[in-house]
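Structure first, commentary second.
Ligands are counted one by one from 1 in listed order, and the atoms in each one are counted from 1 as well. Keep in mind the model is a prediction, meaning the values are calculated, not measured.
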Amino acid sequence: MNVAVVVNPSAASGRFRHRLPQVLSTLERRLRIEVLTTRSSADAVAACERALDGGAQALVAIGGDGTFHTALHALDGRDVPFALIPAGTCNDMADALGLPADPVAAAAAAAESLADGNVQQVDLAEVVYPDGRTLRFGTVLAIGYAASVADRGGRLKWPAGPRRYDVAALLELPRFRGRVYDVTLDGVAAQLPAVLFSVGNTGRCGGKLHVCPDADIADGYLDVTTQGPNSLPATLGSTMRLFSGVRSATDTSTRRFRVREIHVASAGHVTFADGEPLPPPPFTVHCAAGALTVPKVG
Ligand SMILES: Nc1ncnc2c1ncn2[C@@H]1O[C@H](COP(=O)(O)OP(=O)(O)OP(=O)(O)O)[C@@H](O)[C@H]1O
């Protein structure tokens, strides 16, 4: 099987770069690989598209959630098996796919499944803007507080690694009192007051925030969680529980919905999906059931 392998050398600030030769040789044991080394997302999309147009039968991406997100652009709905090798900071998508956290172990599992045709279909989420533009994501779309934390954390120079986001969470907290979001959930209009607003194809974002803890990547549904608003101490408490990795950081203000589609009418909020910035609402998010073919592992 001919496989294009896109490598993001900047994922996790290069922390896994020394493991790359071993990851590639592990893939090569079962697959014929063409390695695409890229400097930017745009570079990666173009290189992947060229490789897929040129006959690559599968795509492997080595990096984190942003690398995964970029690979989705390149796939652009093509029904080509895709494997993600976790080499990023948070690796939420790789975790949701059940891949081993170690990149070499993940490469071995993915290569074996791809070579044997042992694949499965999982869901993606599709964000449709009023002008018809459509973007896809795999993990969680965050609006409000978590999106602002992702935004600020990504811009902080210190500390290195995931700790940046803990610092950003504290810095952003005083600014947040909650907002009311105008939404339509499977055709039913609602106004949802929230500090944290998450639309999950999977359960986790930011490496440890289990914002949609019951989400299932293959059920054909999206899980929507809203949390808050509360008093500042209560918001601080529930946020700290969430940031400490508690699996289900609920409080009395947490509301959960399971839908096929959500329309967010409230305009202009900072939005992130797969840890990457997305144009703000208004938009409609719907579940693209079974839209991604991935190796079956475990
Ligand atoms: N193939 C690529 N080559 C170069 N840069 C890329 C590529 N894919 C994505 N990028 C850029 O690199 C940035 C970091 O990549 P990525 O998100 O995968 O790593 P991370 O932030 O360490 O991991 P995570 O998102 O899991 O926390 C992305 O925000 C994106 O802009």
Side-chain angles (χ1 to χ4, degrees), residues 3-20 23-24 27 33-52 56 59-76 82-103 106-107 135-142 146-147 149-169 198 200-211 243 245 270-279:
V3 177
V5 180
V6 61
V7 181
N8 180 357
S10 64
S13 309
R15 202 153 34 95
F16 292 103
R17 229 175 280 165
H18 70 287
R19 308 220 47 207
L20 187 58
V23 169
L24 296 178
L27 291 172
I33 65 171
E34 179 197 358
V35 181
L36 318 170
T37 303
T38 51
R39 286 164 194 264
S40 69
S41 304
D43 210 17
V45 171
C48 290
E49 282 175 349
R50 271 197 305 276
L52 292 167
L59 180 64
V60 173
I62 304 176
D65 295 311
T67 309
F68 161 75
H69 194 76
T70 297
L72 280 190
H73 282 293
L75 283 171
D76 193 25
F82 169 78
L84 178 64
I85 307 302
T89 306
C90 298
N91 301 313
D92 294 316
M93 189 63 188
D95 181 73
L97 292 170
L99 287 155
D102 179 78
L135 299 172
R136 290 178 154 197
F137 69 90
T139 57
V140 172
L141 176 143
V149 171
D151 188 27
R152 187 143 186 184
R155 287 184 284 112
L156 286 180
K157 299 270 179 279
W158 179 92
R163 285 265 158 234
R164 261 186 306 175
Y165 295 97
D166 295 345
V167 172
S198 314
N201 182 47
T202 63
R204 194 182 85 179
C205 63
K208 59 185 175 183
L209 308 186
H210 295 277
V211 285
F243 269 80
V270 178
T271 302
F272 270 66
D274 296 330
E276 298 293 302
L278 244 56

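Contact atoms of ligand 1 toward N91: 26 (O) (distance under 4.0 Å to a heavy atom of the residue). Ligand-side atoms of ligand 1 in range of G88: 22 (O), 23 (O), range being under 4.0 angstrom from any heavy atom. Counting the atoms of ligand 1 from 1 in the order shown, those under 4.0 Å from a heavy atom of A44 are 1 (N), 2 (C). Below 4.0 Å from some heavy atom of V6 lie the following atoms of ligand 1, by number and element: 1 (N). Set against the non-hydrogen atoms of R39, the atoms of ligand 1 under 4.0 Å away are 4 (C).
Note that the SG atom of C48 and the CG atom of D76 stand 12.0 Å from one another [nearest 0.5 Å]. Taking CG of L84 as the start and CG of N91 as the end, the distance is 7.0 Å to the nearest 0.5 Å.
Residues L141 and T271 meet the side-chain proximity criterion, which asks for heavy atoms closer than 4.5 Å.
Residues that satisfy the salt bridge (Lys or Arg N to Asp or Glu O under 4.0 Å) test with D43, not counting sequence neighbours, are absent from this structure. By the salt bridge (Lys or Arg N to Asp or Glu O under 4.0 Å) test, R17 is found to be paired with no residue, residues two or more places apart in sequence or in another chain being considered.
Here atom 11 (C) of ligand 1 lies nearest to S41 when heavy atoms of G66, S41, A87 are compared. Taking only non-hydrogen atoms, the option from A94, G63, A11 nearest to atom 19 (O) of ligand 1 is A11.
Here's the thing with E276: one of its N/O atoms is less than 3.5 angstrom from an N/O atom of ligand 1.
Protein heavy atom in closest approach to atom 1 (N) of ligand 1: T38 OG1, 2.9 Å. Closest protein heavy atom to atom 18 (O) of ligand 1: T67 OG1, 2.5 Å. When hydrogens are left out, the protein atom nearest atom 6 (C) of ligand 1 is N8 ND2, 3.1 Å; that is the closest non-hydrogen contact. Protein heavy atom closest to atom 25 (O) of ligand 1, with residue, atom name and distance, is D65 N, 3.2 Å.
For T70, every heavy-atom contact with ligand 1 shorter than 4.0 Å involves the side chain, none the backbone. Proximity of A61 to ligand 1, defined as any heavy-atom pair under 4.0 Å, is not found for any part of the residue. Residue contacts with ligand 1, taken as heavy atom pairs separated by less than 4.0 Å, involve S10 solely via side-chain atoms from C-beta onward.
At least one donor-acceptor pair closer than 3.5 Å links the side chain of D274 to the backbone N or O of T139. Using a distance-only test at 3.5 Å, with no hydrogens or angles considered, a donor-acceptor pair links the side chain of D92 to the main chain of G206.
Under a 4.0 Å heavy-atom criterion, A12 is in contact with ligand 1.
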Practice item. Output, in order, the C-alpha distance, side-chain angles, deciding distance and verdict of salt bridge (Lys or Arg N to Asp or Glu O under 4.0 Å) for D65 and R204. Key: CA-CA 11 Å; D65 295 311; R204 194 182 85 179; over 6 Å; no
